[in-house]
Amino acid sequence: PKFGFFGFGSYSATPNTSFISGKQTVAYASLYLPGFFRHHSINIKSGLERQESNLEDLIFGTAVSFSRGYGYIKFDERMKFSVDYSFPLFYPDFNIGPFAYFKRIRAGLYYDHTILDAFEDQYSGVYRTAGLELMIEAYFLRLGEPIEFGARISYLFDPLEGNDKIVPDFLVVGIPF
């Protein structure tokens with residue numbers, strides 16, 4: 001979209017019992033803006049998630065994503081800010097018979113900044129990444145909806161001990177709408 005805004009909030013809790021109790025609070029917002037050129041876009045996102053539990057293993061599903069390139073870390077509170085800039089590289093308009101049609105190849109630049117109050121104190125801190133995504137939009141077997149897949153390379157400004165600063169990922173995003 002040219003301009004857009006999305007906001008989300010939720011509160012979840014387990015039923016009150018003396019053995020298991022936990023709750024999760026989430027607030028998330030996303031702002032869509034036009035990019036510097038035609039068909040370019042900027043997406044600014046911010047989110048806050050807080051989880052509380054009396055059990056170490058009780059974990060709610062995560063609503064606010066972590067900085068790209070890192071694995072999951074159990075947390076009590078997470079704040080995230082990110083900026084994505086997306087743009088088409090080219091439109092190959094190429095098919096392989098009835099098996100595949102490649103419509104668009106796009107790229108994206110991003111920066112993620114997450115502040116984490118982790119369940120285990122040694123993981124509390126700031127996690128920053130920047131990177132590049134390259135995505136292909138294709139139709140397979142003449143199905144009506146495209147599938148997006150591609151690759152991401154992330155640079156971790158604050159790698160965990162024993163992790164690399166550069167992390168490659170293969171992505172299968174799914175069906176865009």
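What you are looking at is a predicted structure, and each value in this text was computed from that prediction instead of being measured.
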Engineer: More than 12 heavy atoms of other residues, nucleotides or ligands under 6.0 Å from OH of Tyr11: is that the case?
Structural biologist: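 Counting other residues, nucleotides and ligands, OH of Tyr11 exceeds 12 neighbours.
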Engineer: Looking at every heavy atom in both Leu134 and Ala107, which two are closest together, and how far apart are they?
Structural biologist: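 What the structure gives for the nearest pair is CD1-CB, 4.4 Å.
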Engineer: Under the side-chain contact (heavy atoms from CB on, under 4.5 Å) test, which residues partner Ser10, sequence neighbours left out?
Structural biologist: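 side-chain contact (heavy atoms from CB on, under 4.5 Å) list for Ser10, sorted by chain: Phe8, Val26.
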Engineer: Pair Tyr70, Leu156 - check side-chain contact (heavy atoms from CB on, under 4.5 Å), show working.
Structural biologist: CA-CA 8 Å; Tyr70 290 98; Leu156 283 58; 3.5 Å; yes
Engineer: Using the rule that Ile, Leu, Val, Met, Phe, Trp and Tyr join whenever any side-chain heavy atoms are under 4.5 Å apart, tell me whether Tyr91 and Ile136 fall into a single cluster.
Structural biologist: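 Tyr91 does not cluster with Ile136.
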Engineer: Between Tyr110 and Phe37, is there a shared hydrophobic cluster once you connect ILVMFWY residues whose side-chain heavy atoms come closer than 4.5 Å?
Structural biologist: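 They do not share one cluster, since no chain of ILVMFWY contacts under 4.5 Å joins Tyr110 to Phe37.
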Engineer: How close do Phe170 and Gly150 get, counting heavy atoms only, and between which atoms?
Structural biologist: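 Heavy atoms of Phe170 and Gly150 come nearest at CD1-O, 3.2 Å.
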Engineer: Distance under 6.0 Å and angle within 45° of the ring axis: does Arg106 meet both against Phe87?
Structural biologist: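 No, Arg106 does not lie over the aromatic ring of Phe87.
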Engineer: Does the plane of the ring in Phe140 sit parallel, tilted or perpendicular to the ring in Phe149? Use 30° and 60° as the thresholds.
Structural biologist: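 Rings of Phe140 and Phe149: tilted, 30 to 60°.
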Engineer: Apply side-chain contact (heavy atoms from CB on, under 4.5 Å) to the pair Thr62 and Phe75, showing each step before the final yes or no.
Structural biologist: CA-CA 10 Å; Thr62 302; Phe75 64 94; 4.1 Å; yes
Engineer: Between Thr129 and Ser154 (side chain of the first, backbone of the second, donor and acceptor by atom type, cut-off under 3.5 Å), is there such a pair?
Structural biologist: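 Such a contact is absent between Thr129 side chain and Ser154 backbone.
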Engineer: With sequence neighbours excluded, what pairs up with Tyr155 under the side-chain contact (heavy atoms from CB on, under 4.5 Å) test?
Structural biologist: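 If we apply the side-chain contact (heavy atoms from CB on, under 4.5 Å) test to Tyr155, skipping adjacent residues, the hits are Phe157, Lys165, Ile166.
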Engineer: Given 3.5 Å as the limit, does a donor-acceptor pair link the side chain of Ser67 with the main chain of Tyr127, or not?
Structural biologist: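 Between the backbone of Tyr127 and the side chain of Ser67 there is a qualifying donor-acceptor contact (under 3.5 Å).
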Engineer: Distance-only, no hydrogens or angles: does the Thr114 side chain make a donor-acceptor pair with backbone N or O of Phe66 under 3.5 Å?
Structural biologist: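 Not a single qualifying donor-acceptor pair exists.
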Engineer: Without swapping roles, check the side chain of Asp112 against the backbone of Arg128 for a donor-acceptor pair under 3.5 Å.
Structural biologist: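 Looks like no, no N/O pair under 3.5 Å.
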Engineer: Can you get from Ile44 to Phe3 by hopping between Ile, Leu, Val, Met, Phe, Trp and Tyr side chains that sit under 4.5 Å apart?
Structural biologist: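 Yes; tracing contacts between hydrophobic side chains, which count when under 4.5 Å, links both residues.
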Engineer: Set out, in order, the CA-CA distance, both residues' side-chain angles and the distance that settles side-chain contact (heavy atoms from CB on, under 4.5 Å) for Leu33 and Ser41, then state yes or no.
Structural biologist: CA-CA 6 Å; Leu33 301 168; Ser41 66; over 6 Å; no
Engineer: Mind checking whether Leu116 and Ser124 have side chains closer than 4.5 Å, heavy atoms only?
Structural biologist: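 No - every pair of side-chain heavy atoms lies 4.5 Å or more apart.
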Engineer: Could you pull out all donor-acceptor pairs under 3.5 Å where a side-chain atom in residues 96-105 meets a protein atom, sequence neighbours excluded?
Structural biologist:
| unit_1 | atom_1 | unit_2 | atom_2 | d |
| --- | --- | --- | --- | --- |
| Tyr101 | OH | Asp93 | OD1 | 2.6 |
| Arg104 | NE | Glu137 | OE1 | 3.3 |
| Arg104 | NH2 | Glu137 | OE1 | 2.5 |

Engineer: Under the ring-ring contact (aromatic ring centres under 6.0 Å, His included) criterion, do Tyr85 and Phe36 qualify, and how do the steps go?
Structural biologist: CA-CA 10 Å; Tyr85 188 85; Phe36 300 112; 5.6 Å; yes
Engineer: Do any pairs count as a salt bridge (charged side-chain N to carboxylate O under 4.0 Å, His left out) and have a residue in residues 27-49, sequence neighbours left out, and if so which ones?
Structural biologist: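 Salt bridge (charged side-chain N to carboxylate O under 4.0 Å, His left out) check on residues 27-49 returns Lys45-Asp84.
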Engineer: Are the side chains of Gln51 and Lys23 in touch, meaning some heavy atoms are under 4.5 Å apart?
Structural biologist: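 They are not in contact (no side-chain heavy atoms under 4.5 Å apart), so the answer is no.
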Engineer: Could you tell me which non-hydrogen atom of Met135 sits nearest to which non-hydrogen atom of Ala151, and how far apart they are?
Structural biologist: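 Looks like SD-N, 4.5 Å.
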Engineer: Mind checking side chain to side chain donor-acceptor pair (under 3.5 Å) for Tyr139 and listing every partner two or more places apart, or none if nothing turns up?
Structural biologist: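 Checked Tyr139 against side chain to side chain donor-acceptor pair (under 3.5 Å); zero matches.
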Engineer: When you check the side-chain N and O atoms of Lys80 and Ser65, is any donor under 3.5 Å from an acceptor?
Structural biologist: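 Short answer, yes.
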Engineer: Test question: given the 4.5 Å side-chain rule for I, L, V, M, F, W and Y, name all other residues clustered with Leu48, or answer none.
Structural biologist: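 Other cluster members: Met79, Ile115, Val126.
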Engineer: Can you check whether Asp76's main-chain N or O pairs, donor with acceptor, with Arg50's side chain at less than 3.5 Å?
Structural biologist: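 Answer holds: no.
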Engineer: Does the side chain of Ser86 reach to within under 4.5 Å of the side chain of Asn43, using non-hydrogen atoms?
Structural biologist: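 Of all side-chain heavy-atom pairs linking Asn43 with Ser86, none is under 4.5 Å.
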